[in-house]
Every structure is written in structure tokens, then in C-alpha cells.
Amino acid sequence: MMEVQNYINGEIIDSGSSEWLDNFNPATGKVYSKITDSNAEDVDRAYEAAQKAQPNWENSPAEERFRVMNKVAELIEERIEEFAKAESIDQGKPFWLAKNEMRRAAQNMRFFATAAMQFASESHATENKAINYTLRQSIGVVGCISPWNLPLYLFTWKIAPALAAGNAIVSKPSEFTPMTAFLFSKVCIEAGMPAGVLNVVHGLGPKVGQAIVEHKGIKAISFTGGTVTGARIASIAAPKFKKLSLELGGKNPNIIFSDADIDKAIKTTVNTSFMNQGEICLCGSRLYIHSSIYEQVKERLIEAVKALKVGDPMDENTRIGAIVSKAHYKKVLGYINLAKEEGGRILLGGESVNPAGFEDGWFIEPTIIEGLSPNCRTNQEEIFGPVISISPFEYTDEIIEIANGTEYGLAATIWTENLTLAHRVAQQLQFGIVWVNCWLLRDLRTPFGGMKSSGVGREGGWEAMRFFTEPKNVCIAL
Ligand code: NDP
């Protein structure tokens, strides 16, 4: 059985614990590999390696960081089938989707390799008294903790800017989906990444993740995951005055106004709602449709979603794969039951399903629910599965208030051909990202992140480079 091991000080090694965790294939419900069950001592070991490696990495020419990071990207692309297959088996997502994400992971490495070469800081002339310039120096050793939904994509989204900015890293992928970070470690060795610059410690969040957050030498934490875990991390890191970037949960609205291009809106909404089994923090789980087009859009959406094939993640026709873990599968089904209790009518789906050959896997039908009030738990809490709630609305002001009326503020989507309305609504929505007539159209230079309980700070482009550097004002009197 394959074993997922740590990557510490340039070597692939087991945890000192000699314990192993089971790694499940969500499509079969069976254990298919073992994960080294690391602990705080492994984190210490990773930190020591990182601390030793960091000064040389920071002081290496930007071209060298650029070269190594590009080489890693190249090797991922060369092995895209192997990476995508590993991601699909580990996470449950369709293979074709995993392949797209592996390309995007390689692109993260390339994008921030370029940032290493281009990053600059500002200077201010203070009348004729002084010149101020900002020195942006590496932080030192940073911690990167990533979730299970887009495993390699979100792992590289964090470590790439950290590396580009000259930091060394102690990282922890989710224990539910460690496989591609493990393959990535091997690629780093091949690409000639200096030992200790990146360290990957596998294991449980409350053990390994928490040890990273608590470690006194690790000066900044970049975390993507659930809001409850984020709050816990903040409560540990804040009194230690660590720099924190938190990308957390969402309960994203998708609003279709009466003048929208309905064909486009429906086509995209199928993805907005159900891509990756709805396990994307940016998925729109609350769909609001203007009452004048409500019945028409509802019927057409149901027809389109009915056509999504649920099943074998390796089958290229599959659109909905398996839910990542048994616990999460139960949680999602629990929310469907709650929706019924809260007065929701299931228009489509609502059940678990066992495709032929995958009788023990964790599959849930794409589910559309109608008739829920804006303030019920189903419309307020993050479900993070293939479940959406749909409702009609009348007035723009009313829908802005409803859309803003959750504790979250990650992403919103609006559909309208009215330019003025689009700008006005975009300004009033309290979300870190507003998509107009599109969804998940990403430009890696833009600030990425959420408001309210969806997070603190922004990733992407210069925002990420700024997070992973310490600014110092140097003031020179003239
Ligand atoms: P979790 O919060 O459960 O876990 C995220 C990571 O944190 C995992 O690596 C986990 O380890 C680790 N972890 C768990 N407990 C601790 C702890 N006490 N200290 C330190 N680390 C810990 O999130 P999920 O993995 O369930 O991911 C889904 C969540 O992520 C959703 O809420 C989703 O909205 C959010 N998300 C947000 C995004 C954004 O950009 N805003 C993007 C993608 C997802 P382990 O899994 O091994 O326990």
C-alpha cells in the first residue's frame, strides 16, 4: 500500500511517531494508502531545517528562485496525468477537473516565479526634507496550512508567493487529501529546490496544524479552511503577534436579475452551484432569481442539473464525483434533512446515491431546494456540498439586504445586462469578490479573499507578496 511521507530538509521521511493514518478513496469508501502520522516533534524538525535554509534562499538571486519554481511547474505539467489521477482518487473530484486544477497549480508556481523577478516597493519624496523608501524583506520561516477541496491548487497558491518572497516554509496539507502535496515534494527534489526551503508535514490538523500555529519561530501563518478552525488559529496566533492571512468559509449569493442573459446565466449557474460537488469556497449556494423569470429559470436549471452524471470520477462524462470524506458526506446529508425540517421543498436530488461499481462510495445527488426563508440555518450556514437553495425576489434593495444578510462575505455573482445596476449592486455587496455575468473567472493578479467571517487579509498578486514580506520604512534626511 502506498505511503505518504513527510518532506523535511530535502528528504522524504516517515514521522518520528512510526504511526500511520488511513487515507480513503471517497469513491470506493476504502482505505487505499497510509499517511505518516506526524506530531509536534516533526514540526520542530521541519522548522529547524527551514530556519537553516532560509537565509541562503532569501539571499539567492531572484533568477534562482524563478528557475527552481519554474522547473517545479514544468515537472507538474510533464506528469499532469499522474498528478490528476492522484488528486481525483484522493479527493473524489472528476479526473478531467483535477487535470484543469493541476494546470492551475503549475500556473501558480509560474506566476509567482515571475513575481519574484518583478516585485518592487515604493519610495516617497518628503518635500525637500527626506526620501523614504520601503524595504520589503522576507519574514523568515512561515507556516502554510491548506484544505482538502482544491488540494494542490490551494497548497501552491500559498507556498508559491512565500517562496518567491524568500521565505522558508513549514506546510501542512489536509490529512484528507495529502497525495498531490507528496508528489509535489518529490518534484521539488528533482527540480533542485534547496533542502529545507519547503517542508511538508503530514498529519492531523489539531496536532500538526496546531503545532505550526503555536511554534514560536514561525512568524506568519497563511491558512485556508473552515471559519471555526480559522477562529481557533487566530486565538492562538494573535497573542503571539503573528502575521495572519485567513481564507475561510462562504455562503455565496448568485443573483439573476430580470434583464439577464438567461442562457448564459443558467449555463454558468450549473457550475457555480455544483462544480467539484459544490466543494469550492466560491460556489454559489444561495440562488436568487427575479420573480418575473423565476419559474422559467427554475425549470430550465432543473433540466440542466438533471443531466449531470454522478459517478466514477475517472469517467470523462462524470460531472459530480464523490464527497471527500464520510464525515463530510454525513454533514451534507444532515443539511438536506435540516432543509426539509425548515420547510424546504426538494425540487431535485436530495438523496445519497451509489453508482454501479461504487456501492460503498460517498456520492450525493445534486440537490435544489425551494421555499426556505433567508434566515433559516440552511440559508445561513456553509454546507459545502452539491446543495443549493433557490428563491424569488422582487426589489433590488431587498435582494442586496438578503445577500448581505449572512455572517459570510466571500464571493457574490450577479447577472444583469444593465451596466448601471451592475456597478451599483457590486458596490453595495459586502463580499471580497463580485462577479458580474461570470463566475470563477480568475486573474491571479487580483486581490483574493473575503470580508466578515470569510477571512482576514487578501491573497493573490502583490497582496500575497506583501503578506509574505515585512515592510521597513527607511527615512533618509536630505
Ligand atoms: P478545516 O478548517 O477543517 O481544515 C483546513 C486545514 O486546517 C486542514 O489542513 C486541517 O487539517 C487544518 N486544521 C484543522 N484543525 C486545525 C487546528 N486546530 N490548527 C491548525 N490547523 C488545523 O477546513 P476543511 O479542510 O474542511 O476545508 C473546507 C473549508 O475551507 C470550507 O469552510 C471552505 O469554505 C474553506 N475554504 C476557503 C477558501 C477561501 O479561499 N476562502 C478556499 C477553499 C476552502 P486536517 O484536514 O488534516 O484536519
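Remember, it's 1-based here, ligands and their atoms both numbered in the order they're listed.
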Nearest neighbour in protein (non-hydrogen) for atom 28 (C) of ligand 1 | Phe384 CE2, 3.6 Å
When the ring planes of Trp439 and Trp435 are compared, do they come out parallel, tilted or perpendicular, using 30° and 60° as the limits?
-> perpendicular
Gly209 neighbourhood, listing ligand 1 atoms whose heavy-atom distance to it stays under 4.0 Å | 19 (N), 20 (C), 21 (N)
Any idea which atoms of ligand 1 are less than 4.0 Å away from a heavy-atom of Phe448?
-> 40 (O)
side-chain contact (heavy atoms from CB on, under 4.5 Å) involving Lys330 - partner list, sequence neighbours excluded = Lys326
Of all the non-hydrogen atoms in the protein, which one sits nearest to atom 18 (N) of ligand 1, and at what distance?
-> Gln210 OE1, 3.1 Å
For Lys267, the salt bridge (charged side-chain N to carboxylate O under 4.0 Å, His left out) test, sequence neighbours excluded, returns none
Part of Leu410 within contact of ligand 1 (heavy atoms, under 4.0 Å) = side chain
Over-ring placement of Arg442 relative to Trp157, 6.0 Å and 45° cut-offs | yes
Determine whether the side chain, the backbone, both or neither of Val228 has a heavy atom under 4.0 Å from any heavy atom of ligand 1.
-> neither
the protein heavy atom lying closest to atom 25 (O) of ligand 1 turns out to be Trp148 CD1, 2.9 Å
May I ask which of Gly225, Gly205, Gly432 has a heavy atom nearer to atom 30 (O) of ligand 1 than the others do?
-> Gly225
Distance-only, no hydrogens or angles: does the Ser454 side chain make a donor-acceptor pair with backbone N or O of Gly249 under 3.5 Å?
-> yes
Evaluate the criterion side-chain contact (heavy atoms from CB on, under 4.5 Å) for residue pair Phe155 and Phe184; output intermediate values, then yes/no.
-> CA-CA 10 Å; Phe155 180 76; Phe184 185 91; 3.8 Å; yes
Quick one: nearest non-hydrogen protein atom to atom 27 (O) of ligand 1, plus distance?
-> Pro147 CB, 3.3 Å
For atom 37 (C) of ligand 1, grab the closest protein heavy atom and report residue, atom and distance to one decimal in Å.
-> Leu248 O, 3.0 Å
Please could you name the atoms of ligand 1 that Gly226 approaches to less than 4.0 Å, counting only its heavy atoms?
-> 1 (P), 2 (O), 23 (O), 29 (C), 30 (O), 32 (O)
Heavy-atom proximity to atom 10 (C) of ligand 1, best of Glu175, His328, His202, Lys172 = Lys172
Ligand 1 contact by Gly230, heavy-atom criterion under 4.0 angstrom | no
With backbone taken as N, CA, C and O and side chain as the heavy atoms from C-beta onward, which portion of Ile145 lies under 4.0 Å from ligand 1: side chain, backbone, both, or neither?
-> side chain
Should you measure from each heavy atom of Thr229, which atoms of ligand 1 turn up under 4.0 Å away?
-> 1 (P), 2 (O), 3 (O), 13 (N), 14 (C), 15 (N), 16 (C), 17 (C), 22 (C)
Enumerate the atoms of ligand 1 whose separation from the nearest heavy atom of Arg232 is less than 4.0 angstrom.
-> 18 (N)
Between atom CD of Glu48 and atom NZ of Lys52, what is the distance when rounded to the nearest 0.5 Å?
-> 9.0 Å
Spatial distance of atom CZ (Arg458) from atom OG1 (Thr446) [nearest 0.5 Å] = 11.0 Å
His202 vs Phe182 aromatic rings, parallel, tilted or perpendicular, using cut-offs 30° and 60°?
-> perpendicular
Got Thr229 and Phe223 here, is their nearest side-chain heavy-atom distance under 4.5 Å?
-> yes
Counting only N and O atoms by type, is there a donor-acceptor contact under 3.5 Å from the side chain of Asn276 to the main-chain atoms of Gly278?
-> no
Evaluate the ring planes of His215 and Tyr47, with Trp represented by its six-membered ring, and classify them as parallel (under 30°), tilted (30 to 60°) or perpendicular (over 60°).
-> tilted
For ligand 1, is any non-hydrogen atom under 4.0 Å from Glu459's backbone (N, CA, C, O), its side chain (CB onward), both, or neither?
-> neither
Pairwise distance NZ(Lys172) to CG(Asp42) - rounded to 0.5 angstrom | 12.5 Å
Of all the non-hydrogen atoms in the protein, which one sits nearest to atom 31 (C) of ligand 1, and at what distance?
-> Glu382 OE1, 3.5 Å
Distance filter under 4.0 Å to Gly203 heavy atoms, resulting ligand 1 atoms | 47 (O)
For atom 38 (C) of ligand 1, the closest protein heavy atom turns out to be Cys281 SG, 3.0 Å
Check Ile233 against ligand 1 and report side chain, backbone, both or neither, counting heavy atoms closer than 4.0 Å.
-> side chain
Output the distance between atom CZ (Arg445) and atom OG1 (Thr114), rounded to the nearest 0.5 Å.
-> 11.5 Å
Counting each atom of ligand 1 from 1 as listed, which ones have a heavy atom of Asn149 under 4.0 Å away?
-> 43 (C), 44 (C)
Examine ligand 1 and decide if any of its atoms is less than 4.0 Å from a heavy atom belonging to Gly450.
-> no
Considering only heavy atoms, does Leu154 approach ligand 1 within less than 4.0 Å through its side chain, its backbone, both, or neither?
-> side chain
closest protein heavy atom to atom 7 (O) of ligand 1 is Phe223 CE1, 3.1 Å
How far apart are the C-alpha atoms of Val72 and Ile76, what are their side-chain angles, what is the distance that settles it, and do they pass the side-chain contact (heavy atoms from CB on, under 4.5 Å) test?
-> CA-CA 6 Å; Val72 169; Ile76 294 172; 4.2 Å; yes
Taking only non-hydrogen atoms of Ser146 and a 4.0 Å limit, the atoms of ligand 1 in range are 6 (C), 8 (C), 9 (O)
